[in-house]
Structures are given as structure tokens and as C-alpha cells.
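See structure below.
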Amino acid sequence: MTAMPETPAAVPSLLHAPVIDWFDEHARDLPWRRPEAGAWGVMVSEFMLQQTPVNRVLPVYEEWLARWPRPAALAAEPPGEAVRAWGRLGYPRRALRLHAAASAIAEQHGGEVPSDHAQLLALPGVGEYTAAAVASFAYGQRHAVLDTNVRRVFARAVSGAQYPPNATTAAERRLARALLPDEEPVAARWAAATMELGALVCTARTPACGRCPIADRCVWRAAGSPAHDGPPRRGQTYAGTDRQVRGKLLAVLREAVAPVPQQALDAVWDEPVQRARALDGLVSDGLVEPLPDGTYRLPLT
DNA sequence: TAAACGTGGCA
DNA sequence: TTGCCAAGTTT
């Protein structure tokens with residue numbers, strides 16, 4: 001047994017009401033939160049929102065749901081169409097995985113997004129967070145939903161740290177479970193509310209503590225809002241990386257209506273070794289399909 | 001466990 | 001201007 005900070009039994013009841021009441025008043029009217037979105041709408045939004053801001057997701061989400069209102073509709077199209085419709089959301093493998101998830105749902109779940117957490121987790125592109133989010137937001141179940149927002153809220157309000165650890169820890173999962181309201185619908189509301197609080201008030205850089213419903217119970221604030229001490233948070237480099245080259249290559253293919261000759265791809269990056277490596281990577285990832293005549297296109301299968 | 005994986009807005 | 005950050009997952 002590792003000595004872990006205990007969560008006093010009184011803590012949850014002191015946090016639930018103010019956070020949920022705040023959510024009742026300040027929740028954004030996002031399309032995937034409306035009843036008509038359904039579980040499929042929730043799932044599409046969760047894929048798109050992985051590492052991507054809400055404002056950038058909104059227009060693409062609307063296009064997707066209008067074009068593919070059900071999983072089977074998406075599954076009936078080539079995966080390349082999903083990649084094309086993904087636009088510039090970034091991390092296009094998510095489009096491929098969402099297409100694969102839709103196929104699995106169509107073939108193995110009767111076309112309905114499963115409500116079972118384990119079945120959700122087994123879908124391509126669905127990890128710990130997304131499985132809990134879909135089960136909670138779409139089906140009202142009681143799960144610890146630990147995304148970057150919730151982790152930050154708990155780190156500050158309960159653990160007294162400015163930022164959570166780089167990777168989700170067992171202690172964080174334990175804490176999230178301990179804080180979960182007992183009643184299923186309340187727990188689902190709590191999950192959405194804590195996430196929204198992190199997104200709108202308890203933000204990473206400049207938290208708006210003046211608008212926080214639990215500022216007077218925040219351990220981090222009570223400690224004087226000390227700066228993050230631990231190891232530096234892992235930054236992402238981008239310029240000059242294979243990722244940037246992959247992005248440029250795929251952008252050409254997204255815009256093309258016909259297979260693209262090698263020459264058109266060569267034009268996006270002048271360093272041939274890195275360019276070839278990036279293209280190979282896209283092909284092995286299934287994002288690009290090489291044709292026998294030496295041209296390339298988004299995958300038909 | 002750490003690194004790979006896009007893109008763009010904001011302080 | 002540049003680095004940080006955004007509803008993570010996979011290998």
C-alpha cells in the first residue's frame with residue numbers, strides 16, 4: 001500500500017452542489033450536448049475534441065452529422081472520405097479510427113453506439129477517457145471522466161497543485177472515483193460540469209478564480225496559488241518535424257479530386273529523405289494509398 | 001514509459 | 001515573436 005492523501009468524506013458534498021449549480025447556469029449550448037445529438041453525435045464530438053479546441057470542431061462536427069447521421073452511413077463510405085472531411089482538425093488518424101469504429105458499430109453492434117463501457121473501450125480510437133465520456137454523456141452512466149480539464153480542476157481544488165502530472169496517475173483515478181456522486185444521473189452531470197469548469201474558468205494559464213464557484217474551497221488557492229514545481233511539462237515541437245511534412249502531404253491529397261502524381265507531393269517539402277519517410281509513414285498508417293502507376297490518393301479501402 | 005501524432009489561436 | 005495549449009490514443 002502506498003500512502004495516498006485521503007479524501008475527507010465531507011469534501012464531495014462540499015463541491016458537488018456549487019459546481020453543478022454553476023454548470024446549470026453557465027454551460028455552453030454545444031450541439032453534442034443537445035438531446036438530438038444522440039450517442040453517435042457524442043462519439044463524433046469526442047473524437048474530434050481529442051487535443052482540438054471546441055471552436056475549431058464546431059463547423060466540422062455539423063458537416064459530419066449532416067452527412068453521416070448514423071454510424072452505418074459513415075461505414076458505407078471509403079475511409080479516405082472520412083480523412084477528407086476531417087479537414088484541418090489535425091491528427092487525421094482520428095478520422096481513420098472513427099471510420100473504423102463506425103464500421104465496427106455497424107457490423108458488431110447493430111448500428112448502435114454501444115452503451116457498455118468495455119465495448120466502447122474495444123472500439124478503435126476509443127481510450128480510457130473517450131469510453132467514459134460516451135458512457136457518461138450519451139448514456140448517463142456513472143464513470144470517472146478524466147480529461148485534461150478535470151485533471152486540472154482536481155489538481156488545484158483538491159490536491160493543491162497548479163497542474164496535474166504529465167500522465168494520468170493511479171492516484172488521480174482514485175481521487176476522481178472518490179469524488180464521483182453516488183447517484184448515476186448526478187455523477188454524469190458532475191462529469192460534464194467539472195470538465196466545463198476547467199474549460200471556462202479553471203483554465204491552464206490564467207484561471208478566472210473570481211468566477212469560480214469553489215474558489216473558497218480551492219486548496220491551491222488557499223496555499224497562495226504556488227507555481228508548478230515538478231518536472232517541466234512536455235512541450236511539443238512541430239516546425240521541421242515529420243509531422244509537419246505529413247500534414248503538408250496530406251493537405252495536397254485532401255484537396256485533390258483525382259490521384260496525385262509523385263511530382264505534386266515532392267513540391268511540398270524540399271528535403272527528399274524526410275519527405276519520403278513522411279510519405280511512407282502515411283502509407284503505413286493507412287492514411288494514403290499508393291497506386292500501381294506511382295500516384296497517390298486517400299484510401300478507398 | 002515515452003515518443004509520435006496536426007493545427008492554429010493566443011498571451 | 002515564440003512557446004504554450006487544446007474533451008487523447010496508440011505503440
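In this text, all values refer to a predicted model and were calculated from it rather than measured experimentally. Values below: every heavy atom of this structure, side chains too, minus hydrogens, waters and symmetry copies. Order of the sequence lines fixes the chain letters, A, B, ..., with proteins taken first and strands second; residue numbering starts at 1 for each chain.
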>> Within the 4.0 Å heavy-atom criterion, would you say A:Gln244 contacts the bases, only the backbone, or no part of the nucleic acid?
In response: nothing
> NA contact type, A:Arg277, heavy-atom cut-off 4.0 Å: base, sugar-phosphate, or nothing?
Replying inline: nothing
> Which nucleotide sits closest to the side chain of A:Arg97: C:dA7, B:dC5, C:dT10?
Replying inline: C:dT10
> Among side-chain atoms of A:Gln162 and A:Ser225, is any donor-acceptor pair under 3.5 angstrom?
Replying inline: no
> A:Trp40: what forms a ring-ring contact (aromatic ring centres under 6.0 Å, His included) with it, not counting sequence neighbours?
Replying inline: none
>> From the set B:dG9, C:dA7, B:dC5, return the single nucleotide nearest to any side-chain atom of A:Arg205.
In response: B:dG9
> Which comes earlier along DNA chain C counting from the 5' end, the contact point of A:Leu30 or that of A:Val126, where each point is its nearest nucleotide?
Replying inline: A:Leu30
> With a 4.5 Å heavy-atom cut-off, do A:Arg94 and A:Thr52 have their side chains touching?
Replying inline: yes
>> Both A:Leu89 and A:Thr206 contact DNA chain B. Which one's nearest nucleotide lies toward the 5' end?
In response: A:Leu89
> Which residues within residues 129-142 of chain A lie with some heavy atom under 4.0 Å of an atom in DNA chain C?
Replying inline: A:Tyr129, A:Thr130
> Rounded to the Å, how far apart are A:Trp86 CH2 and C:dT9 P?
Replying inline: 12 Å
>> Can you measure A:Asn166 atom CG to B:dA2 atom P for me and round it to whole angstrom units?
In response: 8 Å
> Starting at CE of A:Met48 and ending at C1' of B:dT7, how long is that distance when rounded to a whole Å?
Replying inline: 15 Å
> Whole-Å distance between B:dC5 P and A:Leu96 CG?
Replying inline: 15 Å
> Between A:Phe47 (CZ) and B:dG6 (P), how many Å, whole number?
Replying inline: 15 Å
> Looking only at N and O atoms, is any donor in the side chain of A:Arg56 or the base of B:dT7 less than 3.5 Å from an acceptor on the other one?
Replying inline: yes
> P atom, B:dA3 versus C:dA7: distance in rounded Å?
Replying inline: 23 Å
>> Once you apply a heavy-atom cut-off of 4.0 Å, does A:Gly90 come out as touching a base, just sugar-phosphate, or nothing?
In response: base
> Separation of A:Asp280 atom CG from B:dA4 atom P, in whole Å?
Replying inline: 17 Å
>> B:dG8, OP1 or OP2 - any side-chain N/O from A:Arg88 closer than 4.0 Å?
In response: yes
> Is the distance from OP1 or OP2 of C:dC5 to the nearest side-chain N or O of A:Tyr163 less than 4.0 Å?
Replying inline: yes
>> Do the side chains of A:Arg142 and A:Glu183 get close enough for a salt bridge, i.e. N-O under 4.0 angstrom?
In response: no
> Can you check the A:Arg254 CZ to B:dG6 C1' distance for me, whole Å?
Replying inline: 9 Å
>> Rounding to an integer number of Å, can you tell me how far A:Arg94 CZ sits from C:dA6 P?
In response: 14 Å
> Using atom P of each nucleotide, how far apart are B:dG6 and C:dT11 to the nearest Å?
Replying inline: 14 Å
>> Looking at A:Glu172 and A:Arg177, is any side-chain nitrogen of the basic one under 4.0 Å from a carboxylate oxygen of the acidic one?
In response: no
> Considering all heavy atoms of both residues, which atom of A:Val219 and which atom of A:Gly160 are nearest to each other, and what is their separation?
Replying inline: CG1-CA, 3.6 Å
>> Counting the atoms with a prime plus P, OP1 and OP2 as sugar-phosphate, which does A:Trp32 contact under 4.0 Å by heavy atoms, base, sugar-phosphate, or nothing?
In response: base
>> Any base atoms under 4.0 Å from A:Arg152, or only sugar-phosphate, or nothing? Heavy atoms, all strands.
In response: sugar-phosphate
>> Can you see if the side chain of A:Arg243 gets near the phosphate of B:dA3 - specifically, an N or O under 4.0 Å from OP1 or OP2?
In response: no
> Is A:Arg246 near enough to B:dG6 that one of its side-chain N or O atoms lies under 4.0 angstrom from OP1 or OP2?
Replying inline: yes
>> Could you check whether any side-chain heavy atom of A:Val83 comes within less than 4.5 Å of a side-chain heavy atom of A:Leu287, counting everything from C-beta outward?
In response: yes
>> Counting only side-chain heavy atoms from C-beta out, which of C:dA6, C:dA7, B:dC5 sits nearest to A:Pro53?
In response: C:dA6
>> What I want to find out is whether A:Asp216 reaches A:Arg221 closely enough, with some N-O distance under 4.0 Å, to be called a salt bridge.
In response: no
> Nearest to the side chain of A:Gln50 - C:dT9, C:dA7, B:dC5?
Replying inline: C:dT9
>> Between A:Gln51 and C:dG8, is there a contact of a side-chain N or O with OP1 or OP2 at under 4.0 Å?
In response: yes
> Which word best sums up how the rings of A:Trp190 and A:Phe154 line up, parallel for under 30°, tilted for 30 to 60°, or perpendicular for over 60°?
Replying inline: parallel
> What about A:Thr148, does its side chain sit under 3.5 Å from the base of C:dG8 through a donor-acceptor pair?
Replying inline: no
